[in-house]
Amino acid sequence: MIESSASPSLFRDLSAFVARPRVNALALSVDGTRLVAAVQSLSGDGTRFVSGLWEIDPAGERDALRLSRSDEGESGPVFGPDGTLYFLSGRAAADGDAHGDADGAAALWALPPRGEASVVARHPGGITSVTVARDSGALCHTAGLLPGAADAKEHGELRAARRDAKVTAILYESGPTRAWDHDLGPAEPHTFVRARAGAEPVVAGGQGTGLEAPGDTALSPDGTRVAYTRFVPGRVPDEHRTAVVVADAVSGEEILVVGGPEHLYEAPRFTHDGSAVVCCRERFPTYDEPYDATLVRIDLADGTVRDLLPGFDNWPGGAACSPLDDTLFFTCDEQGHAPVFRRDPDGGVTRLTASGAYGSLTVAPDGRTLYALRHAVDSPPTAVRIDACVADQAPAGLPAPGGVGDLPGTLTEVRAEGDDGFVLRGWLVLPEGASAERPAPLLVAVHGGPQSSWNGWTWRWNPWPFAARGYAVLLPDPALSTGYGQINHRRGWGQWGGRPYTDVIALTDATEARDDVDASRTALAGGSYGGYMANRVATSTDRFKAIVSHAGPWDLRMFQGDTDAPWFWQRIFGDPLTRPERYEAYSPHLDVAKIRTPMLVIHGAKDYRVPVGQGAALFHELQRHHVPAKYLYFPDENHWILRPHHSRLWYETFLNFLDHHVLGADWQRPGLL
């Protein structure tokens, strides 16, 4: 194994790595003078992550200053026009929280420019999101209402009655029943608008019981209108969709509903003058056609919907609107990055950043400056300042928590050619000391999705702890990956284990051909769709020394009926009774007898996206066929392993399994397991 010649790094000490602060969101004051970030750090007992608020100097001259500190944490910061900072927290109020929820649910708090924070609004069961009108200061929050409840008071009474009767049952009459790691309902998310702090809230509308978390809301600058997404159940599951609703913020009356069976609408944002709403529109996939996405403008005067990015070949994220004119800013995956783009009022599009992945875009009042979080495979999220008029720039970083110091290796790119001539690419992390004389063992890590890309920092599948242990890590973007145009979706559509598999193998071949990589000591791993690919690889080749499958589909026919989104899955793979071809062609469980490679299976019991039965069945079959296998099971984790100690054990078990089977080291059972 290659050992680092540098002093012990953060990435060698998994406890220290897990404990690093994590910057998650930015909020800019209306006058542009204050920038606040939500930053996660370990709780006092080290058993969970807690979010706190930090102030960052927009000029980049002063160190960041922590604004809040409580064991419950603070999140979702947003500024009002008078400089008040609003946020969500379940912490106790100064009065002892006599009127709070017994379960510590989040309330809406306000921190004025001078003075102490105080509670602005509570809701039984908690508030999940908040937004503020730029000019008027009107407040909008999202919270649940039980069936039959007209307002928060009735909701609280019904909730108390259920609790006192110890009733947890939920009656579903339409729509999905679960999402990721939780049951949907019985409360339905609703939008509440307050003309000002202290005013009685108006219920602007229900957002439906959606598969993905609802609550995506926006207020017009003057606070007179509110826009939000709504899950709309279809007559049959295949017609489930989301729509954008625009309502009067004073009366709650719906003004406009935009949606249809062909599209999903999400992330609404009002334009600078409130005359239109800009949102993401995703075209539903079908058995024959992949997804597609664009930004659209919905004119509130006549309801017309206009595509703002005709011919743009990648999928944009949510837009940030200039406060001065119809200029928009957005991000999208592109060739292993996720740059910031500017769309001018005349339709022209300019890429503003040269490298990295960006999120949490916010526009300064002058319209010429942006603030965002930048991250990359070799850089955790950090706040940056972007000049809105300069193309392909390297933005200026701002002092903030979350740095990781020196990395235990370097980052480069690998390219290969697909079987159809398509140019493939991926990132390659090389550990310190890798050379022709000391080639590094290789881990191939396949991303989830599969509509995703290795283009940014991840705390859950971070390659640098592996590099610190001496491994090179290949991060391939095969067919179905985002950022390579619609053609990359079409070339792999409907064949999960087909061309994406051959693309992964082609990029692996190209990496193993390097003289600083040891082709005789290679492993493969993946999570979610990447876990499926790990299972597919295990049944297709014995070239790898070890395979790690995290939350991967195993039996596709059983999976499609048990996942939290069976209706969405069947759009792509078809009805297994009438169109079984794709299930039969690409389900790994049918070829279990071919597996020879030692496997580590990882799964969380609360995973509803890929239910835990998939991992349990795989582990059972591996034992039945005498394949060396281990099963790392988390009874209280979901699709992702999120708790600090569990995250550390995830990395430790993973690394020790690789060391044993790839390097020939003795198996080391992690402590506490």
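Annotation for Asp31: atom CG counts as buried by contact number, over 12 foreign heavy atoms lying within 6.0 Å. Atom CZ of Arg62 has 12 or fewer heavy atoms from other residues, nucleotides or ligands within 6.0 Å. Remark: Arg34 CZ is packed, more than 12 non-hydrogen atoms of other residues, nucleotides or ligands lying under 6.0 Å away. Annotation: Glu253, atom CD; neighbour count of heavy atoms from other residues, nucleotides and ligands within 6.0 Å does not exceed 12.
Of all the heavy atoms in Thr33 and Pro58, the pair that sits closest is O-CG, 3.6 Å. Minimum heavy-atom separation, Phe79 to Leu28: CD1-C, 3.5 Å. Closest non-hydrogen pair, Glu74 versus Arg91, comes out as OE2-NH1, 3.3 Å. Of all heavy-atom pairs between Tyr358 and Ala372, the closest is CD2-CB, 4.2 Å. The nearest pair of heavy atoms linking Pro268 to Thr229 is CD-CG2, 3.7 Å. Annotation for Tyr228 and Ala247: closest pair CE2-CB, 4.4 Å, computed over non-hydrogen atoms.
Proximity of a side-chain donor or acceptor of Thr84 to a complementary backbone N or O of Leu111 within less than 3.5 Å is not detected. Formation of a donor-acceptor pair under 3.5 Å by the Thr353 side chain with backbone atoms of Val340 is found in this model. A donor-acceptor distance shorter than 3.5 angstrom exists from the side chain of His337 to the backbone of Gly356, with no hydrogens or angles considered. Judged by distance alone, with hydrogens and angles left aside, the side-chain atoms of Asp299 form no donor-acceptor pair with the main-chain N or O of Gly303 at under 3.5 Å. Between the Ser68 side chain and the Leu53 main chain, a donor and an acceptor come within less than 3.5 Å of each other. Although no hydrogens or angles enter the test, the distance criterion places no donor-acceptor pair under 3.5 Å between the side chain of Arg225 and the main chain of Asp248.
Under a 4.0 Å N-O distance rule, the pair Lys606/Asp181 does not qualify as a salt bridge.
Cation-pi contact between Arg22 and Trp457: absent, since separation from the ring centre below 6.0 Å together with deviation from the ring axis within 45° is not met. The cationic group of Arg178 lies under 6.0 Å from the six-membered ring centre of Tyr608 and within 45° of the ring axis, placing it in a cation-pi geometry.
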Apply side chain to side chain contact (heavy atoms under 4.5 Å, CB included) to the pair Arg20 and Trp459, showing each step before the final yes or no.
CA-CA 10 Å; Arg20 293 305 299 167; Trp459 291 102; 3.7 Å; yes

Report task. Show your working on side-chain hydrogen bond (donor to acceptor under 3.5 Å, both in side chains) between Thr142 and Ser129 and close with a plain yes or no. Result -> CA-CA 5 Å; Thr142 300; Ser129 66; 3.1 Å; yes

Can you list the steps and then say if Ser355 with Arg374 is a side-chain hydrogen bond (donor to acceptor under 3.5 Å, both in side chains)? CA-CA 9 Å; Ser355 66; Arg374 180 197 184 275; 3.2 Å; yes

Item to complete: Check the pair Asn24, Val39 against side chain to side chain contact (heavy atoms under 4.5 Å, CB included), reporting the backbone distance first and the verdict last.
Response: CA-CA 6 Å; Asn24 289 317; Val39 181; over 6 Å; no

Stepwise salt bridge (Lys or Arg N to Asp or Glu O under 4.0 Å) check, Asp216 with Arg269
CA-CA 9 Å; Asp216 197 358; Arg269 299 289 182 267; 3.4 Å; yes

His272 and Ser322: side chain to side chain contact (heavy atoms under 4.5 Å, CB included), yes or no, with the steps?
CA-CA 6 Å; His272 71 287; Ser322 169; 5.9 Å; no

I'd like to know whether Glu154 forms a salt bridge (Lys or Arg N to Asp or Glu O under 4.0 Å) with Arg159, so could you lay out the CA-CA distance, the side-chain angles of the two residues, the decisive distance to 0.1 Å, and finally the verdict.
CA-CA 8 Å; Glu154 292 184 6; Arg159 195 166 180 270; over 6 Å; no

### Task
Check the pair Phe341, Cys332 against side chain to side chain contact (heavy atoms under 4.5 Å, CB included), reporting the backbone distance first and the verdict last.
CA-CA 8 Å; Phe341 292 84; Cys332 78; 3.6 Å; yes

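By the 4.5 Å heavy-atom criterion applied to side chains, Arg342 and Arg351 are not counted as neighbours. Side-chain contact check for Thr271 versus Asp326: some heavy-atom pair is nearer than 4.5 Å. In this structure, the side chains of Asp307 and Arg297 stay at 4.5 Å or more apart for every pair of heavy atoms. Looking only at side-chain heavy atoms (C-beta outward), Phe329 and Leu352 come within less than 4.5 Å of each other. Annotation: side chain of Val363 is in contact with side chain of Pro323 (closest heavy-atom distance under 4.5 Å). Using a 4.5 Å heavy-atom cutoff, the side chains of Gln207 and Thr191 are in contact. For the pair Arg162 and Leu146, the minimum side-chain heavy-atom distance is below 4.5 Å. The closest side-chain heavy-atom distance from Leu108 to Tyr86 is below 4.5 Å.
Applying the side-chain hydrogen bond (donor to acceptor under 3.5 Å, both in side chains) test to pairs two or more places apart or on separate chains, none has a residue in residues 378-387.
One distance of note links OG of Ser89 with CD1 of Ile127; it measures 11.5 Å at 0.5 Å rounding. Between the CZ atom of Arg643 and the CZ atom of Arg648 there is a distance of 14.5 Å, given to the nearest 0.5 Å. Taken to the nearest 0.5 Å, the CZ atom of Phe270 stands 10.0 Å off from the SG atom of Cys321. For the atom pair CG of Leu642 and CZ of Phe634, the computed distance is 10.5 Å after rounding to the nearest 0.5 Å. Within the model, atoms OG1 of Thr304 and CG of Leu300 stand 9.5 Å from one another, a figure rounded to the nearest 0.5 Å.
Note on ring orientation: taking the six-membered ring where Trp is involved, the planes of Phe330 and Phe312 are perpendicular (angle over 60°, cut-offs 30° and 60°). In this structure, Phe192 and His141 have parallel ring planes: the angle between them is below the 30° cut-off, well short of the 60° mark.
Residues Asp607 and Asn638 bring no donor and acceptor atom of their side chains to less than 3.5 Å of each other.
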